[in-house]
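Along the sequence shown, residues are numbered consecutively beginning with 1.
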Amino acid sequence: MGVLPFQLLPPPYNASISASPSSVEGTTINYAVSKSLHNNVSRITGKKFPRRLILQILCLNHVICYASPALAAPVIPDINEPEVIRTFKLPSGVRIQDIVEGEGPEAHSGDLVEFNYVCRRANGYFVYSTVDQFSGESKPVVLPLDENQMIVGLKEVLTGMKLGGKRRALIPPSAGYVNENLKPIPEEFGPRRSLFSHAQEPLVFEVQLLKIWVMTLEPPSVFN
């Protein structure tokens with residue numbers, strides 16, 4: 001870029017170039033090329049490029065990157081979403097996606113269930129998870145499927161699930177934290193405050209059902 005329109009003499013000549021100390025844009029400049037073998041001086045005439053044109057050439061790559069984002073942007077691998085088995089909407093307004101169907105018995109109203117969950121805002125921002133994203137350690141929640149203790153939307157999500165099943169659900173505020181006594185509620189102050197600050201907007205829950213206890217049988221040791 002910015003190469004002047006003349007060529008130096010080919011070997012065996014060693015050439016040095018000197019230019020007049022000052023020039024005006026668009027005028028003719030004389031360059032002196034000395035030949036070491038003959039001590040003769042040849043005069044070569046060339047045109048100076050306008051400064052604006054040189055700057056445009058230097059900035060060409062910068063312009064291309066902005067004009068063509070495909071060339072400028074880094075390659076980001078695709079994130080594969082889990083395959084959805086089915087999607088349905090309940091009368092309460094809860095929208096559910098079955099990700100993994102699970103096996104074995106189904107959870108019913110009144111049963112005691114153990115599950116992991118991730119809670120996010122509808123725009124995808126993280127609120128809370130029972131699974132640590134760094135260590136992988138989990139602190140599952142154990143709750144009865146009772147709308148007086150659990151938010152209605154999550155009760156509806158867990159009801160009918162089989163062991164090992166996974167579901168994603170969009171829960172509207174009317175089926176969510178209508179009061180602060182309903183669970184699940186994070187124990188930590190920060191996540192709990194974040195949850196209630198967004199309680200008046202739709203929340204996305206991703207749940208995995210781990211255990212089911214039928215309450216007519218002996219309850220688990222955590223309640224003894």
Any side-chain heavy atom of [X] within less than 4.5 Å of one from [Y]?
X: L158; Y: L145; value: yes
X: R167; Y: M161; value: yes
X: F205; Y: V94; value: no
X: S92; Y: E156; value: yes
X: W213; Y: D111; value: no

**Item:** Residue from I212, V142, D146, L143 passing side-chain contact (heavy atoms from CB on, under 4.5 Å) with L112
**Value:**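 Of all the options given, the one that passes is V142.
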
Atom pair [atom1] ([X]) and [atom2] ([Y]), whose distance is rounded to the nearest 0.5 Å:
X: K89; Y: T87; atom1: NZ; atom2: OG1; value: 13.0 Å
X: L163; Y: E101; atom1: CG; atom2: CD; value: 12.5 Å
X: K155; Y: L182; atom1: NZ; atom2: CG; value: 12.5 Å

Is there a continuous path of hydrophobic side-chain contacts, each under 4.5 Å between heavy atoms, that joins [X] to [Y]?
X: Y117; Y: V127; answer: yes
X: V118; Y: V207; answer: no
X: V178; Y: I185; answer: yes
X: L210; Y: I99; answer: no

**CZ (F88) with more than 12 external heavy atoms under 6.0 Å** = yes

**Message:** Checking E206 now: which residues fulfil salt bridge (Lys or Arg N to Asp or Glu O under 4.0 Å) with it, not counting sequence neighbours?
**Reply:**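 If we apply the salt bridge (Lys or Arg N to Asp or Glu O under 4.0 Å) test to E206, skipping adjacent residues, the hits are R120, R168.
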
**Item:** Residue pairs, two or more places apart or on separate chains, that pass side-chain hydrogen bond (donor to acceptor under 3.5 Å, both in side chains) and touch residues 127-139
**Value:**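 Passing the test, one end in residues 127-139: N116-T130, D132-S135.
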
**Message:** Using the rule given for side chain to side chain contact (heavy atoms under 4.5 Å, CB included), can you reason through L154 versus F115, listing the C-alpha separation, both sets of side-chain angles and the distance that settles it, and then say yes or no?
**Reply:** CA-CA 11 Å; L154 193 55; F115 60 96; 4.0 Å; yes

Donor-acceptor pairs are to be reported for all side-chain atoms of residues 192-204 against protein atoms at under 3.5 Å, with residues two or more places apart or in another chain.
unit_1, atom_1, unit_2, atom_2, d
R192, NH1, P186, O, 3.3
R192, NH1, E187, O, 2.6
S197, OG, R193, O, 3.3
S197, OG, S194, O, 2.7
H198, ND1, R121, NE, 3.4
H198, ND1, E201, OE1, 3.2
E201, OE2, R121, NE, 2.9

**Asked** What's the verdict on side chain to side chain contact (heavy atoms under 4.5 Å, CB included) for V84 and D98, showing C-alpha distance, side-chain angles and the deciding distance?
**Response** CA-CA 6 Å; V84 177; D98 272 318; 5.8 Å; no

**Least distance between heavy atoms, T159 atom then H108 atom** = CG2-CA, 4.4 Å

**Message:** Which heavy atom of G176 sits nearest to which heavy atom of I151, and what is that distance?
**Reply:** O-CG2, 3.4 Å

**Steps toward side chain to side chain contact (heavy atoms under 4.5 Å, CB included) verdict (V113, L209)** = CA-CA 7 Å; V113 294; L209 183 58; 3.8 Å; yes

